[in-house]
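Labels below follow one simple rule: chain letters A, B, ... track the order of the sequence lines, proteins then strands, and each chain is numbered from 1.
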Number of protein chains: 2
Amino acid sequence: MLPIPFNTLPQLALKPKNLRKGEVLFRQSDPPSFLYFLRTGHIQLLRHTEAGDGIVIHNAYGGQTFAEASLFSGNYHCDAVACEASELIAMSKIQILKTMRQNSLFAFALSARFAGEIQTHRRRLELRSIKNASQRVYAAVADGLLTGSVITMAAEIGLTHEATYRALSQLTKEGRLVKTRRGRYHVSSTKVSTTG
Amino acid sequence: MLPIPFNTLPQLALKPKNLRKGEVLFRQSDPPSFLYFLRTGHIQLLRHTEAGDGIVIHNAYGGQTFAEASLFSGNYHCDAVACEASELIAMSKIQILKTMRQNSLFAFALSARFAGEIQTHRRRLELRSIKNASQRVYAAVADGLLTGSVITMAAEIGLTHEATYRALSQLTKEGRLVKTRRGRYHVSSTKVSTTG
DNA sequence: TTCATCATATGATTGAAATCATATGGAAGC
DNA sequence: GCTTCCATATGATTTCAATCATATGATGAA
């Protein structure tokens, strides 16, 4: 149930935890003892400016891990608050570090996981750099982001769902995408001529 | 000169490489033998759709590493092309994996580096989710992104430099930022009253 | 079957950032 | 000193996505 390689951790390293909406998971100043896997819900990580403004560092949703950096740090770098009721699994920092030391395969797998996340994040960032809505949607579909609903993808790529629907429609008209059924599209395999 | 922990690798693991503008560093199909540190220049990582459209996966600039995921993969996931003349250091995949196995401190440090990158990327992504230009600029300054030129930061956060200058100006007028000198700003430490 | 609900889809209008234009400040070179 | 060049800064206009509105298709519950 946990993502690789956390699924190989001993039970004693894991501690289920449930939060009600609004509950605080940890504070910036807390010594970090856990890395978290969020099964369901929504956790927001926040920092605060000198003036007290909260700045969202990250929104974690079901299926994601967070606070990885705390593994190697003496304090959390932000506050974590449950925006919705959330089910988590707390994974012991000490146990993870111990496992890394004792089992180089685990260390490899952890690095592999991190490297994969870096790659994914870079792709997402590059996607967000595409200003034009149609091109962004095309790149997103090409990247395999349209697996669930269009609304979900729209949120992922930073567009409104209306703009995304319009882009999907236009790209289909242009022949760059193929609509297989309502709400399902894939990239066309044939080159679109630019001269008409 | 190399970032931690790559600076501890033996010389035999490193190989300087220079590319002219337009030269290909590797292709998607190539078996990955190296992870790269880009000293100067600009390398673009691209994938291609079935229709042949190139999709930019990542733009790497001086001081950055890339192709980390290739450490744990049987092929590169994209093509790498030099957009400008570039100086690189190729770091042997085999040597890095070997060092990880033999030296758990190196493995720790590598994971720490990766974890830090993940954190940074998530912050950047969250920043890009802020629609309003002023708020995005405020968050960026609060995040310490205004170290070099405003133009550099503007590119980082996905705004034009004009929009960024306007936002800086407005935030200063509002008292949320303090302008120390031309092109230098920091967050105000005093709470701005909303009632006037 | 009917109704409710939500995702999909598209039209009309608005608004904010992009674009285009212009001016100033400051550093580097002559 | 003067000149060149570029970052900073702001004004005017345009463009495109956000917003607001409405309609349809699909799914599930009553």
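For residues 64-99 of chain B, every residue pair satisfying the ring pair (Phe, Tyr, Trp, His ring centres under 6.0 Å) rule, not counting sequence neighbours, is listed here: Phe26(B)-Tyr76(B), Tyr36(B)-Phe66(B). Contacts classified as salt bridge (Lys or Arg N to Asp or Glu O under 4.0 Å) and involving residues 137-152 of chain A (residues at least two apart or in different chains) are given here: Arg123(A)-Asp143(A), Arg124(A)-Asp143(A), Asp143(A)-Arg47(B).
Between Ile57(A) and Glu126(B), the closest heavy-atom pair is O-CB, 3.4 Å. The heavy-atom pair separating Ile55(A) from Ala139(B) by the smallest distance is CD1-CA, 3.7 Å. The heavy-atom pair separating Leu177(B) from Val187(B) by the smallest distance is CD2-CA, 3.7 Å.
Boundaries of the chain B contact region on DNA chain D are dA7(D) to dA18(D), first to last in 5' to 3' order (nucleotide atom under 4.0 Å from a heavy atom).
Contact check for Leu171(B) versus Val137(B): side-chain heavy atoms found under the 4.5 Å cut-off.
For Lys131(A) and Gly183(A), each mapped to the nucleotide of DNA chain C holding its nearest heavy atom, the one lying further toward the 5' end belongs to Gly183(A).
Between the side chains of Asp53(A) and His48(A), no donor-acceptor pair is found at a separation under 3.5 Å.
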Legend entry - Verdict with supporting geometry, Thr164(A) and Arg136(A), side chain to side chain contact (heavy atoms under 4.5 Å, CB included): CA-CA 9 Å; Thr164(A) 306; Arg136(A) 193 189 297 182; over 6 Å; no

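In the helix from dT1(C)-dA30(D) to dC30(C)-dG1(D), the rotation axis of the first five pairs and that of the last five pairs differ in direction by 40°, rounded to 10 degrees.
Residues passing the salt bridge (charged side-chain N to carboxylate O under 4.0 Å, His left out) test with Glu117(B) are Arg122(A), Arg113(B), sequence neighbours excluded. Partners of Arg39(A) under the salt bridge (charged side-chain N to carboxylate O under 4.0 Å, His left out) rule, at least two apart in sequence or in another chain, are Glu87(A). Every salt bridge (charged side-chain N to carboxylate O under 4.0 Å, His left out) that Asp79(A) has, sequence neighbours left out, goes to Arg27(A). Among residues two or more places apart in sequence or in another chain, the ring-ring contact (aromatic ring centres under 6.0 Å, His included) test is passed with Phe114(B) by none. Applying the salt bridge (charged side-chain N to carboxylate O under 4.0 Å, His left out) rule to Glu50(B) yields no partners; only residues at least two apart in sequence or on another chain are considered.
Each of Leu9(A), Ile89(A), Thr65(A) was scored for a side-chain contact (heavy atoms from CB on, under 4.5 Å) with Leu2(A), with one residue passing: Ile89(A).
The CG atom of Leu159(A) lies 6.5 Å from the NZ atom of Lys131(B); values are rounded to the nearest 0.5 Å.
Contacts between residues 170-177 of chain A and DNA chain C, defined by a heavy-atom separation below 4.0 Å, involve no residue at all. Remark: Asn132(B), Ala133(B) in residues 132-145 of chain B come within less than 4.0 Å of DNA chain C through at least one heavy atom. Within residues 146-165 of chain B, the residues approaching DNA chain D are Ser149(B), Val150(B), Ile151(B), Glu162(B), Tyr165(B), by heavy-atom distance under 4.0 Å.
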